[in-house]
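This report refers to the structure that appears directly beneath it.
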Amino acid sequence: MKIPPVKGTRDFYPEQMARRNWIIDGWKKVSLRNGFEEYDGPIFEHLQMYQIKSGQEIVEQLFSLQDRGGRDLAIRPEITPTLARMVNQQIHSLPRPIKWFAVPRLCRAERPQKGRLREFFQWNVDIIGEDRADADAEIIFTTIDYLRTVGLTSKDVRAKISSRRLLAAVLTSIGIPAERLDPIYAVLDKKAKLPPETFQALLAEQVPDKDQAGKIHQFMALESVEGVAAITQPTEALTKALDELRSVLSVLKAMGVAEFCGFDPGIVRGLAYYTGIVFEVHDIAGELRAICGGGRYDNLLRDFGGPAIAATGMGMGDCVLEILLEQRGLLASQMPKRGLDYFVALAAPQFADAMYEVTARIRSQGRSANFSYKQGGLSKQLKEAAGQNARKCVIIGQEYKDHREVVVKDMAGGAQETVNLEQFLARLNS
RNA sequence: GUGAAAGUAGCUCAGUUUGGAUAGAGCAUUGGAUUGUGGUUCCAAGGGUCGCGGGUUCGAAUCCCGUCUUUCACCCCA
């Protein structure tokens, strides 16, 4: 009986596994050079962990289970709660700022679509214990540093940056009461996806006052933070939020990635736990979902029973990224091909023992080597070597019996030389 | 979770309109041509319960119903 793969999951055959490794290796390399340390947690946690703060949608999308002791558990749909738990446990002994990253495998029981599956990998970088905008800027820089490294340019992707604090300050200063903010956020978040008339209609439902709605439209149309002053009287909160956003943009400029970044008031993000700077990276053509998203979540550690400590971070899934890299031809051109250092071939069957010995000795020198299991002729073996993308072939034949010599053939150019076996093996290390 | 479209060999597809005999092609795989020299070429082979289940019919890949999966649009996110 054939059992199908589970909905929304992927099988990683060697070719796909190579892609996945290449993407994840890049994430790790860039994290480390930006000064982050790797951590990980368990793949499941108490169900309750996600009911505290993850937002309604994520809770509905949980894969949950009961263990044999009747405990309610869930496979992690995100790693940030785990991070909060881990940091809270050792908060008094961890030197700050805490700059940690992880590449967890996550599961959400969503309906699968292009760029969204039920099981995926997500690169997370977080800075905990620093409330200055420098930390937000570093998160965004690290994100761009990776995207730039894999070959994406400012013509391909753009980091759209905004601020929850700014949005709240603007809305408050034009007279929107605090309890009205959340439903308005939800509408503003959709602006980029809706036709202007639909957006206008939705906003009018939430903000019937023409004057207020007009100001919101004005704000949402801004392309630079400097336009905010013309819309409303600066309150203390507004000035503070503006300074923070300016500061992030100015650090990013100094770090040399200004061309990738811009203020975009349309970035609001889900209601979950963001409190300050928020950002998303999108493909410029706007064909795909967000490549990554992140922001400041200063209340999360406290919500998980710890002290009130500032935090900011980012998550990037592998699905959309891979589609974009594929589209741009950046995978095909950069993926390392499967390769083999040496293929050991046999010109006559009586040297089989030498073939095994040479293969093993090459391997023990740290080089990869294969030989053929088949009894075929040399021609067949070279064909097999070419199929495995071997860089060189070691051919064992009559010379071996006569003078302990082997033929070493360069598969790219075809040149070959006859060398003493011991000298050949000694040379491998140099 | 809601709505729509599509499922034929490992992959890309033909055949479905108009039901008819052992369901085809290219690529890929395996073997041979090739007993001391590979990537080319030529020949051959293997590989399908036509997604699955039921119905209509003398007869179903083809028509009908259900179901699963995928894709797209919502919802939301990475």
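Reckoned from all heavy atoms, side chains included, excluding hydrogens, waters and symmetry mates. Order of the sequence lines sets the chain letters (A, B, ...), proteins ahead of strands, with each chain counted from 1.
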Exercise. A:G397 near the nucleic acid: base, sugar-phosphate alone, or nothing, with a heavy-atom cut-off under 4.0 Å?
Worked result: base

Check: With side chains defined as the heavy atoms from C-beta onward, is the minimum distance between A:Q122 and A:M316 less than 4.5 Å?
Finding: no

Dump the pairs, protein N or O against N or O of nucleotides 3-5 of chain B, anything under 3.5 Å, distances to one decimal.
from : atom 1 : to     : atom 2 : distance (Å)
B:G3 : O6     : A:R111 : NH2    : 3.4

Measuring to OP1 and OP2 of B:U71, would you say a side-chain N or O of A:K114 lies under 4.0 angstrom away? no

pair_partner(B:G38), Watson-Crick or wobble, both distances < 3.5 Å, evaluates to none

For A:A385, answer base if it contacts any base atom (sugar-phosphate contacts may also be present), sugar-phosphate if it contacts only those atoms, and nothing otherwise; contact means non-hydrogen atoms under 4.0 Å. nothing

Kindly indicate whether a cation-pi arrangement holds for A:R20 with A:F12, taking the cut-offs as under 6.0 Å to the six-membered ring centre and within 45° of the axis. yes

Using only modelled atom types and a 3.5 angstrom limit, is any donor from either the side chain of A:E280 or the base of B:A78 paired with an acceptor on the other?
no

Checklist line | Sugar-phosphate, base or nothing in reach of A:G294, heavy atoms under 4.0 Å | finding: nothing

Side-chain contact check for A:P112: nearest option of B:G38, B:A78, B:U71 is B:U71

Expressed as a whole number of Å, how far does the P atom of B:C64 sit from that of B:A6? 11 Å

Touch class at under 4.0 angstrom, heavy-atom based, for A:C319 against every strand present: base

Any base atoms under 4.0 Å from A:K409, or only sugar-phosphate, or nothing? Heavy atoms, all strands.
base

Picking from B:A78, B:G38, B:G36, the nucleotide nearest the side-chain atoms of A:E399 would be B:G36

Please classify the nucleic acid contact of A:K190 as base, sugar-phosphate, or nothing, using heavy-atom distances under 4.0 Å. sugar-phosphate

* **C1' atoms of B:G47 and B:U37, separation to the nearest Å** => 32 Å

When both distances are under 3.5 Å in a Watson-Crick or G-U wobble arrangement, the nucleotide paired with B:G3 is B:C72

Side chain to side chain contact (heavy atoms under 4.5 Å, CB included) with A:L83: of A:N88, A:L300, A:D126, A:L301, only one passes, and it is A:D126

The Watson-Crick or G-U wobble partner of B:A14, with both key distances under 3.5 Å, is none

Q. With a 4.0 Å cut-off on heavy atoms, is A:E384 in touch with a base, just the backbone sugar-phosphate, or nothing at all?
A. nothing

Practice problem: Quote, to the nearest angstrom, the P distance that separates B:U40 from B:C50. | Solution: 34 Å

message = Please classify the nucleic acid contact of A:Q388 as base, sugar-phosphate, or nothing, using heavy-atom distances under 4.0 Å.
response = nothing

In whole angstroms, the gap separating C1' of B:G36 from CD of A:Q350 amounts to 12 Å

To the nearest angstrom, the CD-P distance between A:E110 and B:U70 comes to 14 Å

### Query
Distance between the C1' atoms of B:U34 and B:U71, in whole angstroms?
47 Å

| Heavy atoms under 4.0 Å, any strand shown: does A:G387 hit a base, just sugar-phosphate, or nothing? | nothing

The nucleotide from B:C74, B:G39, B:G31 with an atom nearest the side chain of A:K374 is B:G31

Result for 5'-nearest mapping on RNA chain B, choosing between A:A412 and A:G317, is A:A412

Here the distance between atom C1' of B:A78 and atom CE of A:M314, to the nearest Å, is 10 Å

**Asked** Does A:R269 count as lying over the ring of A:Y185, i.e. NZ or CZ under 6.0 Å from the six-ring centre, within 45 degrees of the axis?
**Response** no

For B:U67, the nucleotide meeting Watson-Crick or G-U wobble distances (both under 3.5 Å) is B:G51

Taking the ring centre of each residue, are A:Y342 and A:F424 less than 6.0 Å apart? yes

- Are A:K380 and B:U35 close enough that a side-chain N or O sits under 4.0 Å from OP1 or OP2? no

Of the listed B:U41, B:U37, B:C76, the closest approach to the A:Q61 side chain comes from B:C76

Listed pairs under 3.5 Å, donor-acceptor, residues 394-403 of chain A side chains, sequence neighbours left out:
from   : atom 1 : to     : atom 2 : distance (Å)
A:Q398 : NE2    : A:D402 : OD1    : 3.2
A:Y400 : OH     : A:R404 : NH1    : 2.4

Self-check item: Short side-chain N/O contact from A:Q381 to OP1 or OP2 of B:U37, under 4.0 Å
Solution: no

inquiry  = Under 4.0 Å, counting only non-hydrogen atoms across every strand here, what does A:I396 touch: a base, just sugar-phosphate, or nothing?
reply    = nothing

Looking only at B:C74, B:A78, B:U70, the nucleotide nearest the A:C292 side chain is B:A78

Decide, yes or no, whether a salt bridge links A:K114 with A:E287 under the criterion of side-chain N to carboxylate O below 4.0 Å. no

Next on the checklist: Do A:S162 and A:D264 pair up side chain to side chain, a donor and an acceptor below 3.5 Å, judged on atom types alone?
Outcome noted: no

If the P atom of B:U62 is compared with that of B:U18, how far apart are they to the nearest Å? 15 Å

hbond_proxy A:Q416 side chain to B:U37 base (donor-acceptor, 3.5 Å cutoff)
yes

Would A:K99 pass as a cation-pi partner of A:F36, given that its NZ or CZ must be under 6.0 Å from the six-membered ring centre and within 45 degrees of the axis?
yes

In the structure I gave you, are the side-chain heavy atoms of A:H217 and A:L203 within less than 4.5 Å of one another anywhere?
yes

May I ask you to say what A:I291 touches in the nucleic acid, namely base, sugar-phosphate or nothing, with a heavy-atom cut-off under 4.0 Å?
-> sugar-phosphate

